[in-house]
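Step one of this worksheet: look at the structure below.
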Amino acid sequence: MKANSLTPSLPLQFPSPVKLPPPTGIRFPSSLTPKAISISTPNTNRISINKNDDDSIAAFWDYQFLFISQRTETENPAVLRLVDGAIPPDFPSGTYYLTGPGMFSDDHGSTVHPLDGHGYLRAFAFEKDEVAFMAKYVKTEAKMEEHDPETDRWRFTHRGPFSVLKGGKKLGNTKVMKNVANTSVLRWGGRLLCLWEGGDPYEIRPEDLDTVGKFSAFDGGGDHDSPSRGGTYDGGFWRFAAELLKPVLYGVFKMPPKRLLSHYKVDAQRNRLLIMSCNAEDMLLPTSHFTFYEFDSNFKLLQKKDLVIDDHLMIHDWAFTDNHYILFANRIKLDVIGAMGAITGVSPMISALSVNTNKSTSPIYLIPRFGEDSNKDCKETIVEVPSRLWVLHVGNAFEIIHEEDGTLDFQIHASSCSYQWFNFKKLFGYNWQTGKLDPSVMNPNETKSKQFPHLVKVCISLSKNGKCEKCSVEPLSQWPKSSDFPIINPKFSGLKHNYLYAATSSGNRRSLPSFPFDMIVKLDAVPSTVRTWFAGNRRFVGEPVFVPKGDGEDDGYLLVVEYAVSIQRCYLIILDAQRFGEADGVVARFEVPKHLNFPLGFHGFWAANT
């Protein structure tokens, strides 16, 4: 790890030597273990930091603690201890689901990238004045193969897209698409689903979090046949190349023909679920084939649309409005040298790709949702954003139709970073060659801090003929700090909104100025105001989730997990959205039992009881 050259004059310290669970996660670099840090025998597991050490040492360990494996699962719900406040009488009954990776290292010397960690689903059930907690691993095919329930030992056999095994089969290992169901969670149509970027979701039983199995309704169920323009691919050469790749990808590497994106959308006004997929071979070809699905509340497929784009793209998140789908085209390219190492197993599969910086603009695709025949191919409008934006997550988008002159305005609120900073092989600071985490990768120096993820507002104006008249990008509400995971009240998804919430950094930690996040920010568009809630020193936060309780846009509560790394505790925080940032804005704080502490989560979902 590159130590940050800036350190505070009064170094932070552990309040006292703290007993910690066994460090079964990603291994710590021995070369960076200073004399002031001592790790005793595994039976004691005490880590102490000398009070004379600077913040860079404590910051390094704090970062590692967010990715410590958790092997424990709950057999029965555990009622959380109320530490502060109380559940408000008007707090809706329901369950907050949070998913993310839980296992980062096995018992045979292999570690994996956080994105390849097995999915660990957490559930916080609210009923009256109590919160009951459950947590279990999603029993994916990979998990069932890699974990022995009798001995409780793990042996990684799947490479995963971002990792290389040390203790398993390395060369010639074709188990690349390791569906770990760790990215997002959804409750819809009476089903609870855990999703991953590249495979079918897994269905979970809500009452006990046991895994039911794969859920494959997103293949369209055969209800519609909606060919894209010109068949599978217009270009003869690339169509030929795709046909050659299919037997290799589908047969040898066991990739599903359709790769489901982990980010879905819910159109609350129409009570519809919107899902998006792409083709497996698109990963290696300069053409992209996307399919949009819309389901009703019973999981009946209402429509699907296909779109072919003659560009090599990677889409992680997207947006919708009342009448359009919106795609942010993150441009990628094939790395030939990296691909050779990826195929042989010498380097991660993701090494076959790199960002494409050949163009100075970023295209946005505006695709009509409806038309004379909503099950046919799309005619999109392409808008070039006057800067290179790598879009990570979208908070919301909406459109305004001007009836008097037929013009159309769009606004998109999202988190994005620069192409210069984004690197497939260094996400979260993971080094696949050493199996270690380097927090300095996620905390660029001050001159590069603008390249890190931040909140942006994209404004687009179209003429009545559909021509782009204006396109601009600016910081959302002029908020300059590193931020991600933007969310809104889900009742307003696809509609005009005023309030947006996100995880952000206070910048107070000189050795960790950008990530992990330690604040939640509330941005008010009218008037342009900013309010923040700070978790505290050496306490981090993940993605917030909005819990509506009334009709007003900010009439509700926020749920967020606080990771108090210095004392190895996790807390569930309830924030009042209307009193956000005020002294009484924290409504309640619940403590997760220490033996059930969990690593940093990714995305969550609030499911109200019906």
Side-chain angles (χ1 to χ4, degrees), residues 92 94 184-193 195 201 215 217-221 223-224 226 260-277 290-307 315 317-327 365-381 393-403 408-414 462 486-500 545-553 555-556 603 605-610:
S184 64
V185 59
L186 165 70
R187 184 118 182 229
W188 186 264
R191 300 176 185 271
L192 178 62
L193 305 174
L195 293 84
F215 182 68
F218 300 108
D219 61 6
D223 294 336
H224 299 282
S226 53
L260 191 69
L261 271 66
S262 58
H263 280 282
Y264 55 84
K265 303 297 170 182
V266 174
D267 185 340
Q269 303 303 308
R270 294 184 174 90
N271 198 23
R272 290 187 177 191
L273 172 67
L274 282 57
I275 292 284
M276 182 180 164
S277 71
F290 300 108
T291 304
F292 301 90
Y293 308 86
E294 298 203 17
F295 296 87
D296 69 8
S297 58
N298 296 314
F299 258 121
K300 178 184 177 182
L301 180 64
L302 300 176
Q303 69 177 52
K304 71 175 184 177
K305 280 177 171 284
D306 287 81
L307 173 69
I315 308 295
D317 200 1
W318 52 291
F320 81 98
T321 65
D322 200 31
N323 297 294
H324 290 82
Y325 308 115
I326 301 178
L327 292 188
Y365 292 82
L366 309 174
I367 305 119
R369 286 175 64 185
F370 311 108
E372 293 183 3
D373 188 344
S374 59
N375 292 314
K376 289 190 176 180
D377 55 313
C378 316
K379 179 60 178 176
E380 72 280 2
T381 299
H393 296 107
V394 180
N396 192 39
F398 59 88
E399 62 186 57
I400 300 174
I401 302 174
H402 300 281
E403 300 288 352
L408 183 60
D409 290 338
F410 291 87
Q411 248 191 64
I412 307 118
H413 298 174
L462 301 182
I487 61 110
I488 66 165
N489 182 336
K491 289 185 175 181
F492 289 78
S493 292
L495 304 177
K496 189 178 187 301
H497 68 278
N498 289 325
Y499 304 110
L500 182 138
V545 168
F546 193 93
V547 180
K549 69 170 184 176
D551 296 330
E553 188 184 339
D555 188 8
H603 297 291
F605 184 83
W606 168 257
N609 291 342
T610 56

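What you see is a predicted model, and the numbers here were worked out from it, not measured in a lab.
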Working for side chain to side chain contact (heavy atoms under 4.5 Å, CB included), residues V394 and I326: CA-CA 10 Å; V394 180; I326 301 178; over 6 Å; no

So how far is it from [X] [atom1] to [Y] [atom2], rounded to the nearest 0.5 Å?
X    : Y    : atom1 : atom2 : answer
F492 : F398 : CZ    : CZ    : 12.0 Å
L408 : I400 : CG    : CD1   : 9.0 Å
F320 : L327 : CZ    : CG    : 13.5 Å

Intermediate values then yes/no, side chain to side chain contact (heavy atoms under 4.5 Å, CB included), K304 and I275: CA-CA 9 Å; K304 71 175 184 177; I275 292 284; over 6 Å; no

Pairwise side-chain contact, I487 with L500, heavy-atom cut-off 4.5 Å (strictly under): no

Test log, rule side chain to side chain contact (heavy atoms under 4.5 Å, CB included), inputs F370 and Q303: CA-CA 9 Å; F370 311 108; Q303 69 177 52; 3.7 Å; yes

Exam field: side chain R187 to backbone A608, donor-acceptor pair closer than 3.5 Å: no

Short N-O contact, D322 and K496, less than 4.0 angstrom: no

Electrostatic pair E294-R270, nearest N-O below 4.0 angstrom: no

Plane angle bin for F295 and F299 - parallel if under 30°, tilted between 30 and 60°, otherwise perpendicular: perpendicular

Parallel, tilted or perpendicular: ring planes of F410 versus H324, cut at 30 and 60 degrees: perpendicular

Closest non-hydrogen atom pair, S493 against V266: CB-O, 3.6 Å

Test log, rule side chain to side chain contact (heavy atoms under 4.5 Å, CB included), inputs K265 and M276: CA-CA 9 Å; K265 303 297 170 182; M276 182 180 164; over 6 Å; no

Under 3.5 Å side-chain donor-acceptor pair for H497 and N489: no

Within 6.0 Å of CG in D551, more than 12 heavy atoms from elsewhere: no

